[in-house]
Amino acid sequence: MAKDKFKISFSEATAAAFKSLYADKYETTGDNQVFSSDFIYENLEKPKDPSMGRFALPVFRFGKLLEDKPPSIAAKVAPESNKFLSSSLNGPVIVTVEAAGGFLNARPNAELAASSTIVAVLDSGRDYGNSTVGQQRKILIEYSSPNIAKPFGVGHLRSTMIGNSLRKIFKALDYDTMGINFLGDWGTQFGKMIVAYRRWGSEDTLKNNSVQNLLDLYVKFHETAKKNSSLEDDAREAFKKLEQGEKSETELWEKLKNISLTEFDRIYKILGVEFDWITSESFLNDKMAAAIARLERAGLTSVSEGALIVDIDDPQLPPVLLRKADGATLYATRDITGLFYRWQEHKFHQSLYIVGSAQSDYFKQLFKVIELMEKSENSDASNAMSGKTKHIEFGWVKFGDKAMSTRQGNIVILEDVIDKAAELARKRIEEKNPGLKTIEETSRIIGTGAVIFSQLSVRRHKDIRFDWDQVLNFEGETGPYLQYTHARLCSLLRNYKGTVSSDIDYTLLAGSEESRVIDLLADFPDTIEDAARDYDPFYIAAMLLKLAGAFNKFYQRKNKQGKSDKILSDDKELSAARIALVKSTQLVINKGLYLLGLEAPQEM
RNA sequence: GCCCCCGUAGCUCAUUUGGAUAGAGCAUCUGCCUUCUAAGCAGAGGGUAACAGGUUCGAAUCCUGUCGGGGGUACCA
């Protein structure tokens, strides 16, 4: 993480202040705790209320060490810190410290903060916020991974958008990222589809609106199977034949698969989602035997009730099935095989699975198998995939009160949602900006923006309730609000006649509204790293909302006469300074939206 | 039964490794466009953070228990 010069100055001055005020304690403690500037730097926090300062050091925990009361410590240290801060430099004081209860609140010199931030943003442009921490280490990210022969529902959206965003985030941090779409095109479900198609389907089923028809078949299968359990046996039988390469099953499967692939491709284009590798379960068909053999060699397998299993020696988790009693493989078999393959091909630093939390036990099992196997093989840690795989889980997308379930037909088709949102956006544009030439494209950008953002604006582990009214609302904490702010920034830049430059009078940007915007711009690089650390794009979404809010507040600020205090005016110096802030904000919102997977319209 | 996750304003959610007076948005109400995009801004009301204990200088956050919701629990993926 790039060190912040304001925080460094504060930490050094404050460590010096502690040393001089508590010299006796320093003698016994040495350069540790509050007497170490590094320690102070590491323990800085962000004040809850931004008006209290940009960063803060809580001193409560040092009460015992210093044998003093926290408010008293803060009250003594603050002036001493300020003394060091002003004496150590010839130039202006770059940070001022203020005691507030048990906190030392620090505020960078507004003018210096403005200049260092804006220079950094304008110099880096689109690269602002990027870093080199990844050092080109390889990260595999598996996301989306829908099942073929089912429509792309809102339930798949969460994995898709989190993964798509993480891929961009890790790329920005100089990781060598690889986005993988692991399509579910194998397994008993295709036995089900084959059985259902033979019973109720026809050539017509595959023609018009065919994915919807496939869903109807799938739902009908499960309805019927409730009453007639022999259907499930038929499905298993059909899948077994497919796995053995029987011609008629294979041909039908190919048809179902092609319909879905075309469909998914279209959806991903609409969403702007990209992958580096689109693969599928059937790709692993000829590699599973070797994978099973490897586990057998490692002495992990046994036969139980006719099935080939790995007992993972955990009372809380069931064994992993590799082969069913009828000889057919399971999802776990293919996942393990796929992992072997990915390791062999890519020797990844990390491999992430963006999959719902319902599967958390499953991934525990999976990773345990790998761990046991490598232990048994005596792999040395540097050449082991164990410990490098991670299940990035997220909450369910609920519809009504229930989880969305394809089997029960309780599913909202993603494209319906996007179409509705885009339609609504179009109406808004027709009312408000009827001259807009790119109305078609722009309404689509806004519609998808609303839908995508709804998935990323809640922390990953939480369940999301899918609510039409909420998704179709474009006001407040929404994607369209960010896009609107971006369009507004672009509009200002179009209206400005001069050239945007960071060579401006920074004293003109020292107001509290400007400072708030600048603080948030300065936080952006850390926010990207936070998002990467927790594998959660939410941090970026939340920060952008704050930034947009702070900017809009500045934009609509009124002057003393109660008139709006315009960004652009006859005052050339002032306009030049403000437009530099506008450009910086526009760049960061644009980049942030990009990292989330939203497009940023110039006009709307 | 056992295991995991969740419970914060009427609703949807923040509060990053425990920190300051628990904050936003939606909805409701009140203001603000003859000049930079009102998809905006300003303001009002709205809280026993499910409940009860515990740890701590300090708990929405950590621990224990209770209640409520969701998920998982070998031949689905």
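Quantities reported herein were computed from a predicted structural model and do not represent experimental measurements. Proteins come first, then strands; the chains are lettered A, B, ... in the order of their sequence lines, and each starts at number 1.
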Within the structure shown, what part of the strands sits under 4.0 Å from [X] by heavy-atom distance: base, sugar-phosphate, or nothing?
X	result
A:Tyr481	sugar-phosphate
A:Ile446	base
A:Gln602	base
A:Pro47	base
A:Arg334	sugar-phosphate
A:Asp534	nothing
A:Ala328	nothing

Short side-chain N/O contact from [X] to OP1 or OP2 of [N], under 4.0 Å:
X	N	value
A:Ser360	B:rC4	no
A:Arg61	B:rU56	no
A:Lys64	B:rC57	yes
A:Lys48	B:rA20	yes
A:Lys462	B:rA14	yes
A:Asn147	B:rC76	no
A:Arg578	B:rC36	no

Sticking with atom [atom1], work out how far [N] lies from [M], rounded to a whole angstrom.
N	M	atom1	answer
B:rC57	B:rG18	C1'	12 Å
B:rG71	B:rC62	P	23 Å
B:rC5	B:rG10	P	28 Å

Original post:
Quick one: are the ring centres of A:Trp186 and A:Phe239 less than 6.0 Å apart?
Top reply: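 Here the rings of A:Phe239 and A:Trp186 have centres that are less than 6.0 Å from each other.
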Could you check whether the side chain of [X] and the base of [N] have a donor-acceptor pair of N or O atoms closer than 3.5 Å, going by distance alone?
X	N	result
A:Glu305	B:rA74	yes
A:Asp530	B:rU16	yes
A:Arg459	B:rU16	no
A:Asn105	B:rA20	yes

Among the candidates [options], find the nucleotide nearest to the side-chain atoms of [X].
X	options	value
A:Asp463	B:rG70, B:rC41, B:rU37	B:rG70
A:Trp396	B:rG71, B:rG40, B:rG19	B:rG71
A:Lys563	B:rU35, B:rA20, B:rA38	B:rU35
A:Ser304	B:rG40, B:rA20, B:rA74	B:rA74

**OP:** Could you tell me the separation between the CZ atom of A:Arg516 and the P atom of B:rG23, rounded to a whole number of Å?
**Re:** 14 Å
Subject >> Pairwise 5' ranking along RNA chain B for A:Gly306 and A:His461, keeping only the more 5' one >> reply: A:His461
Subject >> Earlier contact from the 5' end, RNA chain B, for A:Met52 and A:Ser564 >> reply: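 Counting from the 5' end, the first nearest nucleotide belongs to A:Met52.
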Does a donor on one side chain and an acceptor on the other come within less than 3.5 Å for [X] and [Y]?
X	Y	answer
A:Arg488	A:Asn552	yes
A:Tyr143	A:Asn181	no
A:Asp571	A:Ser569	no

Original post:
Considering Watson-Crick and G-U wobble pairs with both distances under 3.5 Å, what does B:rG46 pair with?
Top reply: none
**OP:** Please determine, for B:rC76, whether a Watson-Crick or G-U wobble partner exists with both distances under 3.5 Å, and give it or none.
**Re:** none
**OP:** Please state whether the rings of A:Tyr218 and A:His222 are parallel, tilted or perpendicular, taking 30° and 60° as the class boundaries.
**Re:**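 Rings of A:Tyr218 and A:His222: perpendicular, over 60°.
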**OP:** Classify the glycosidic conformation of B:rC4 as syn or anti, calling it syn when the angle lies within 90° of 0.
**Re:** anti
Original post:
Which is it for A:Leu593 and A:Glu599 under the side-chain contact (heavy atoms from CB on, under 4.5 Å) test, yes or no, and what are the steps along the way?
Top reply: CA-CA 6 Å; A:Leu593 286 173; A:Glu599 288 187 71; over 6 Å; no
